[in-house]
Student: 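Pasting a structure below so you can have a look.
Position 1 is the first residue of the sequence, and the numbers go up from there.
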Amino acid sequence: MVHFLLRRQWIGRIRLALTLFGLPYTVCTPGVRPAISCSSTHPFRTSQSIRPISTSCCNLYVTSVRTMPSSAVPHVKSRCPQYPGSKIMRFIVPDDKVDWSQNWPQYDPVSYTDPSVVKKPAWADTDIGSFSPQFNTVDGAVDRTSFDGSYKIKKGKPLNPHGRTGLTGRGLLGRWGPNHAADPIVTRWKVDAKGAKIHHSVSKQPILQFVAIKRKDCGEWAIPGGMVDPGEQVSLTLQREFSEEALNSLAVPPSERAKIHERITKLFKSPGFQVYKGYVDDPRNTDNAWMETVAVNFHDDSG
């Protein structure tokens, strides 16, 4: 569980949780834009453990100057100089050249699709030309619509709606166009042995906790989310990913594991509260493939 200071507005509290993992907010000093970071928002199914993080996050009472990409603030992680999991270097794209509307004849992006994707696994598309995907619609069992609305197609390939990234192809992503994920944010109040809410010593407000996993690839903490399978309802993805990530990380006997699974199932039967739906500034993004997600909060009042 990760502890952080309760804010007055529920949405503010959950946004702070997302801030810690860059989805969709990133904490930074007011007025100062951070350097491009290569940390990935979504784990590559390499979670290692669930454990407490000792932080009250009292210093997070700042407003991020870098929200998710907009016309004023272009995506940053999507232009990470070195593409994750490879030695491939992106073509450098300055802020003022990110938007596709900016004429830039000199733009010469690197083309790269990871070997694991080229091998044509079940979760990935094949190369454009060997098949003709139907973009901006539900293409068979694959949802190729974007939460941002209709995206442009150039020479048969989709264009990242948030602009240039310095790299074409699919990189580590399986689908041309949007790659849909789901992120469940499971929360509870921090309580004492008697079940009473514990209040922060400074703010005097109750402390909210949420579940996080520690990734093996980089040692960072992340929300236990994952990719939406073709034809799968997002609600099922949320429960499936949380169950897989959480239960696989807990060293508990089968009897206890069954009880935990039953509790998780009950929790996810609630409608939840949608915190965010849209584009994710992810270092795996390319000019032709990008991450999008739905983040939903499920609060466990029983603790």
Student: Rounded to the nearest 0.5 Å, how far does CZ of Arg188 lie from CG of Leu208?
Tutor: 10.5 Å

Student: With sequence neighbours excluded, what pairs up with Lys266 under the side chain to side chain contact (heavy atoms under 4.5 Å, CB included) test?
Tutor: none

Student: For Arg170, is there an ion pair with Asp127 - N to carboxylate O distance below 4.0 angstrom?
Tutor: yes

Student: For residues 154-168, pull every pair meeting salt bridge (charged side-chain N to carboxylate O under 4.0 Å, His left out), keeping only residues two or more places apart or in separate chains.
Tutor: none

Student: Write down the atom of Lys197, the atom of His199, and the distance for their closest heavy-atom approach.
Tutor: O-ND1, 3.3 Å

Student: Which heavy atom in Ile88 sits nearest to a heavy atom in Leu167, and how many Å separate them?
Tutor: CG2-CD1, 3.9 Å

Student: Where do Phe91 and Pro109 come nearest, in terms of heavy atoms and distance?
Tutor: CB-CA, 3.8 Å

Student: Please determine whether a side-chain nitrogen of the Lys or Arg among Asp95 and Arg79 lies less than 4.0 Å from a carboxylate oxygen of the Asp or Glu.
Tutor: yes

Student: If you compare all heavy atoms of Ser130 against all heavy atoms of Thr126, which two are closest, and at what distance to 0.1 Å?
Tutor: OG-OG1, 3.0 Å

Student: Before accepting this row, confirm whether a basic side-chain N of the pair Lys194/Asp192 lies closer than 4.0 Å to the acidic partner's carboxylate O.
Tutor: no

Student: Show the nearest heavy-atom pair for residues Val117 and Ala124, with the distance to one decimal.
Tutor: CG1-CB, 4.0 Å

Student: Would you call the rings of Tyr107 and Trp100 parallel, tilted or perpendicular, where under 30° means parallel and over 60° means perpendicular?
Tutor: perpendicular

Student: Classify the side-chain pair Asn288/Thr286 by whether it contains a donor and acceptor separated by less than 3.5 Å.
Tutor: no

Student: How far does CZ of Phe273 sit from CZ of Phe298, to the nearest 0.5 angstrom?
Tutor: 12.0 Å

Student: Is the side chain of Asp287 donor-acceptor paired with the backbone N or O of Asn160 at a distance under 3.5 Å, no angle test?
Tutor: no

Student: About how many Å separate NE2 of His162 and OH of Tyr151, when rounded to the nearest 0.5 Å?
Tutor: 13.0 Å

Student: For residues 116-125, pull every pair meeting salt bridge (charged side-chain N to carboxylate O under 4.0 Å, His left out), keeping only residues two or more places apart or in separate chains.
Tutor: Asp125-Arg144, Asp125-Arg175

Student: Considering all heavy atoms of both residues, which atom of Pro224 and which atom of Ala212 are nearest to each other, and what is their separation?
Tutor: CD-CA, 4.5 Å

Student: To the nearest 0.5 angstrom, please state how far the OH atom of Tyr279 sits from the CG atom of Asn285.
Tutor: 4.0 Å

